Amino acid sequence: MRHSLTPFSHLVTAATPLEPNERPNLTQVPGRLTFIDQSVLHIRENYVTDTGKIDYTYQWQTDDHRLIHRWDNAHGVDLPTSPHHQHVGSEQNIQPSEPMTLEKILSHIASRINTSFADRPRLISD
């Protein structure tokens with residue numbers, strides 16, 4: 001439930017604290033990361049204590065709010081990986097997905113962001 005941004009700190013210019021919010025039978029982890037290309041990742045993880053289920057949505061979008069990629073398991077879809085799925089480039093382009101974690105998402109984003117931005121100063125630390 002605790003996330004380390006250290007392996008990705010060269011890509012992140014701003015971050016809200018990924019602090020768990022404890023509720024009865026549920027722990028929520030919300031957050032937002034801004035990357036060196038100004039794209040943004042919105043994070044929502046819900047850990048259901050009774051069942052051990054993890055509901056998640058990770059939405060990566062441009063700085064002008066256009067969807068790049070979203071991974072979620074918030075609802076069932078007509079795919080063999082349901083409820084795990086991804087929206088690639090648009091809400092309508094729904095594709096299968098393995099169960100995701102923040103670390104997998106950040107690895108994917110790191111592979112897609114142009115590394116020429118790496119020379120910019122880092123603004124966060126873990």
Side-chain angles (χ1 to χ4, degrees):
M1 211 170 330
R2 294 273 179 197
H3 298 292
S4 173
L5 299 178
T6 301
F8 307 99
S9 64
H10 64 288
L11 297 174
V12 179
T13 60
T16 61
L18 298 174
E19 294 295 325
N21 299 322
E22 303 286 337
R23 296 181 175 188
N25 303 319
L26 179 71
T27 300
Q28 295 181 312
V29 180
R32 175 186 160 119
L33 305 177
T34 303
F35 299 103
I36 57 177
D37 65 352
Q38 300 308 305
S39 64
V40 175
L41 178 66
H42 295 277
I43 301 160
R44 183 194 53 79
E45 298 174 334
N46 291 323
Y47 297 83
V48 183
T49 312
D50 311 17
T51 64
K53 183 178 181 190
I54 302 170
D55 292 326
Y56 60 83
T57 300
Y58 304 102
Q59 179 158 314
W60 184 28
Q61 61 190 43
T62 63
D63 61 343
D64 61 352
H65 310 290
R66 287 180 291 124
L67 178 68
I68 299 171
H69 207 132
R70 183 173 74 239
W71 299 262
D72 69 75
N73 67 345
H75 55 87
V77 292
D78 189 20
L79 294 169
T81 60
S82 185
H84 306 281
H85 63 282
Q86 55 188 320
H87 301 257
V88 182
S90 75
E91 293 294 326
Q92 295 73 31
N93 186 13
I94 302 172
Q95 298 180 10
S97 176
E98 65 181 285
M100 296 306 285
T101 64
L102 180 57
E103 289 72 22
K104 288 180 185 179
I105 300 300
L106 291 173
S107 292
H108 174 82
I109 292 171
S111 73
R112 300 268 317 271
I113 289 180
N114 185 339
T115 55
S116 67
F117 288 101
D119 294 332
R120 291 187 185 177
R122 289 186 283 199
L123 301 178
I124 69 151
S125 61
D126 199 13

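These numbers were taken from a predicted model, which means no experiment stands behind them.
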(message) Working note: His75 + His85, criterion side-chain contact (heavy atoms from CB on, under 4.5 Å); need CA distance, chi angles, decisive distance, verdict.
(response) CA-CA 9 Å; His75 55 87; His85 63 282; 3.5 Å; yes

Check [X] against [Y] and note the closest heavy-atom contact, atom names and distance.
| X | Y | result |
| --- | --- | --- |
| Ala15 | Val12 | CB-CG1, 4.2 Å |
| Ser39 | Ile113 | OG-CD1, 4.4 Å |
| Asp63 | Gln38 | CB-O, 3.1 Å |
| His108 | Ser111 | O-OG, 2.7 Å |
| Pro30 | Glu19 | CD-O, 3.9 Å |
| Leu18 | Pro20 | O-CD, 3.6 Å |

(request) Please check if the side chain of Thr13 supplies one atom and the backbone of Thr34 the other of a donor-acceptor pair under 3.5 Å. (result)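 Checking the backbone N and O of Thr34 against the side chain of Thr13, a donor-acceptor pair under 3.5 Å is found.
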
When rounded to the nearest 0.5 angstrom, what is the spacing between [atom1] in [X] and [atom2] in [Y]?
| X | Y | atom1 | atom2 | result |
| --- | --- | --- | --- | --- |
| Ile105 | Tyr58 | CD1 | OH | 6.5 Å |
| Thr16 | Ile43 | OG1 | CD1 | 6.5 Å |
| Gln61 | Leu67 | CD | CG | 7.5 Å |
| Asn25 | Thr49 | CG | OG1 | 5.5 Å |

(request) Tell me, please, which residues at least two apart from Glu103 pass salt bridge (charged side-chain N to carboxylate O under 4.0 Å, His left out). (result)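 Once residues adjacent in sequence are excluded, Glu103 has no partner under the salt bridge (charged side-chain N to carboxylate O under 4.0 Å, His left out) criterion.
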
(message) Taking salt bridge (charged side-chain N to carboxylate O under 4.0 Å, His left out) as the definition, give me every residue that meets it alongside Arg23, ordered by chain and number, with sequence neighbours left out.
(response)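 Arg23 satisfies salt bridge (charged side-chain N to carboxylate O under 4.0 Å, His left out) with no other residue.
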
(request) Could you list the residues that satisfy ring-ring contact (aromatic ring centres under 6.0 Å, His included) with His65, not counting sequence neighbours? (result) none

(message) Suppose we screen for side-chain contact (heavy atoms from CB on, under 4.5 Å). Which residues come up paired with Asn93, at least two apart in sequence or across chains?
(response)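 For Asn93, the residues satisfying side-chain contact (heavy atoms from CB on, under 4.5 Å) (neighbours in sequence not counted) are Val88, Ser90, Gln95.
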
(request) Sequence neighbours left out, what passes side-chain contact (heavy atoms from CB on, under 4.5 Å) with Thr62? Give chain and number order. (result)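 Expected list: Asp64, Arg66, Ile68.
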
(request) Name all residues meeting the side-chain hydrogen bond (donor to acceptor under 3.5 Å, both in side chains) criterion together with His84; count only those two or more places apart in sequence or in a different chain, and write none if there are none. (result) Tyr56

Could you tell me if the side chain of [Y] sits less than 4.5 Å from the side chain of [X], heavy atoms only?
| X | Y | value |
| --- | --- | --- |
| Asp72 | Arg44 | no |
| Glu45 | His3 | yes |
| Lys104 | Glu98 | yes |

(request) Would you please classify the geometry between the His69 ring and the Trp71 ring as parallel, tilted or perpendicular, with 30° and 60° separating the classes? (result) parallel

(request) Please work out whether the ring planes of Phe35 and Trp60 are parallel, tilted or perpendicular, with thresholds of 30° and 60°. (result) perpendicular

(message) Test of understanding: clusters of I, L, V, M, F, W, Y form through side-chain heavy atoms closer than 4.5 Å, transitively. Do Val40 and Met100 belong to the same one?
(response) no

(request) Apply side-chain contact (heavy atoms from CB on, under 4.5 Å) to the pair Leu106 and Leu41, showing each step before the final yes or no. (result) CA-CA 9 Å; Leu106 291 173; Leu41 178 66; 4.0 Å; yes

(request) Begin from the C-alpha positions of Leu5 and Leu33 and carry the test side-chain contact (heavy atoms from CB on, under 4.5 Å) through to its verdict. (result) CA-CA 10 Å; Leu5 299 178; Leu33 305 177; 3.8 Å; yes

(message) Looking at Asn21, I want to see if its CG is surrounded by more than 12 non-hydrogen atoms of other residues, nucleotides or ligands under 6.0 Å.
(response)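 Result for CG/Asn21: enclosed.
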
